[in-house]
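First the structure, in the form of structure tokens, and then the observations on it.
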Amino acid sequence: MTRSAAVVTGAAGDIGRAIAARLAEDHDVVVMADLDGAAAEKAAAGLAGTARFIAAQCDVTHRDAVNKLAAEAARHGTVRTLVNNAGAARDASLQETTAENWQKDIALNLEAAFLCFKAFEEALRKSQGAVVNIASVNGLQVFGHPAYSAAKAGLIHLTKLIAVEYGKFGIRANAVAPGTVRTQAWDARAAANPNVFEEARRWYPLQRIASPEDVANAVKFLASPLAAAITGTCLPVDCGLTAGQAELARTFSQSSMY
């Protein structure tokens, strides 16, 4: 019997690792790709049933590297799920964004997902598989980090393009748009500012921020048969952030609209 495989990029980070763990529940093998090969090895070794997690070093911004990743994944099973999770943000405002950083953010957060999809296209056709792109609420509204945000908005549109053009081959494509997620990067900020989570959560209707597991749960659902009729959508996992902010609502309700 052919083994089923999932591929997760940016898998050494908290969100990528959580996604890999969840996908292992209904895939035989999960290939955990990351630019930092040693970190990918450590992440894979830290998960239960380590033989099912395959670490791979890959710079997803380079086509040859991504093609090698696809060939490596094919040796371990039939790729049924591709999760484009690799991403990062650099300059916080448009005024301070350099041309170099703009290009780097677009390459990592948008072009890499295109390269990965093209590399795994044939495998996904054969498996009638699923693509889940990790976008961001930054791709839906303006929250700073302009190059990252523009790339994530493009990623959401790429998701729709894949859904529309490849649906006839049985391929589904969806995006997940997390808001603030409590990762090690945020823990570092909390060390510098112990009130950072209190300050952030007041903008979220659920009065909390998401965990890596929250994102992973959404990915598993969208990749599973439970979402067989869902494609071309973007699912916010943002504790209600994009629905509206209670703080702003209270401010406006207390002031005259005329």
Side-chain angles (χ1 to χ4, degrees), residues 6-27 30-35 39-40 43-44 46-48 53 60 80-89 108-110 112-113 116-117 129-141 143 145 148-149 151-156 158-159 172-190 196-197 200-201 203-224 226-227 230-243:
V7 177
V8 182
T9 68
D14 294 330
I15 295 174
R17 187 168 59 250
I19 291 170
R22 288 295 272 153
L23 290 180
E25 295 171 6
D26 48 18
H27 293 75
V30 181
V31 178
M32 300 175 65
D34 201 277
L35 177 63
L47 294 173
F53 298 97
V60 292
R80 199 178 79 208
T81 301
L82 169 64
V83 181
N84 288 307
N85 171 65
L108 178 58
N109 296 289
L110 176 57
C116 285
F117 174 71
V131 179
V132 183
N133 293 322
I134 307 304
S136 170
V137 294
N138 287 58
L140 301 171
Q141 296 182 17
F143 294 113
H145 294 290
Y148 170 84
S149 301
K152 291 300 188 181
L155 182 60
I156 293 169
L158 174 62
T159 302
R172 294 184 303 105
N174 292 288
V176 172
T180 302
V181 181
R182 185 160 190 164
T183 62
Q184 292 180 40
W186 275 90
D187 286 339
R189 297 180 195 180
V196 66
F197 291 114
R201 76 179 184 87
W203 297 106
Y204 292 83
L206 288 181
Q207 294 291 289
R208 74 174 183 91
I209 61 175
S211 68
E213 289 71 27
D214 289 323
V215 179
N217 289 339
V219 172
K220 182 185 177 184
F221 166 69
L222 290 172
S224 77
L226 292 175
I230 301 174
T231 193
T233 192
C234 178
L235 176 61
V237 180
D238 64 356
C239 297
L241 177 68
T242 52

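We number each residue from 1, following the sequence as shown.
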N217: which residues meet the side-chain contact (heavy atoms from CB on, under 4.5 Å) condition with it, sequence neighbours left out? R22
Test of understanding: with side-chain contact (heavy atoms from CB on, under 4.5 Å), list the residues that count as partners of T159, not counting sequence neighbours. N133, A173, A175
Residue list, ring pair (Phe, Tyr, Trp, His ring centres under 6.0 Å) with F117, at least two apart or on another chain: Y166
Report yes if the side chains of L140 and I156 come closer than 4.5 Å at any heavy-atom pair, otherwise no. yes
Would you say that V60 contacts L108 through its side chain, given a criterion of any heavy-atom pair below 4.5 Å between the two side chains? yes
Strictly distance-based, threshold 3.5 Å: is any side-chain N or O of [X] a donor or acceptor partner for the main-chain N or O of [Y]?
X	Y	result
N174	I230	yes
Q141	N138	no
D34	A12	yes
S136	G139	no
R17	G46	no
T9	A86	yes

Per side-chain contact (heavy atoms from CB on, under 4.5 Å), V176 is matched among V215, T233, N85, D214 by V215
Separation of T180 OG1 from W203 CH2 (nearest 0.5 Å): 12.0 Å
Distance check, rounded to the nearest 0.5 Å: S224 atom OG versus D26 atom CG? 7.0 Å
Smallest separation among heavy atoms of L47 and A20, with atom names: CD1-CB, 4.3 Å
Minimal non-hydrogen separation, A200 against I209, with atom names: CB-CG2, 4.4 Å
For the CD atom on Q184, are there more than 12 heavy atoms of other groups (residues, nucleotides or ligands in this structure) within a distance under 6.0 Å? no
Between L155 and N109, is a side-chain contact (heavy atoms from CB on, under 4.5 Å) present by the stated rule, with each step listed? CA-CA 7 Å; L155 182 60; N109 296 289; over 6 Å; no
Start with the C-alpha gap between I134 and I19, add the side-chain angles, then the distance that decides, and say whether side-chain contact (heavy atoms from CB on, under 4.5 Å) holds. CA-CA 11 Å; I134 307 304; I19 291 170; 4.1 Å; yes
Tell me, with the steps shown, if R80 and L23 meet side-chain contact (heavy atoms from CB on, under 4.5 Å). CA-CA 11 Å; R80 199 178 79 208; L23 290 180; over 6 Å; no
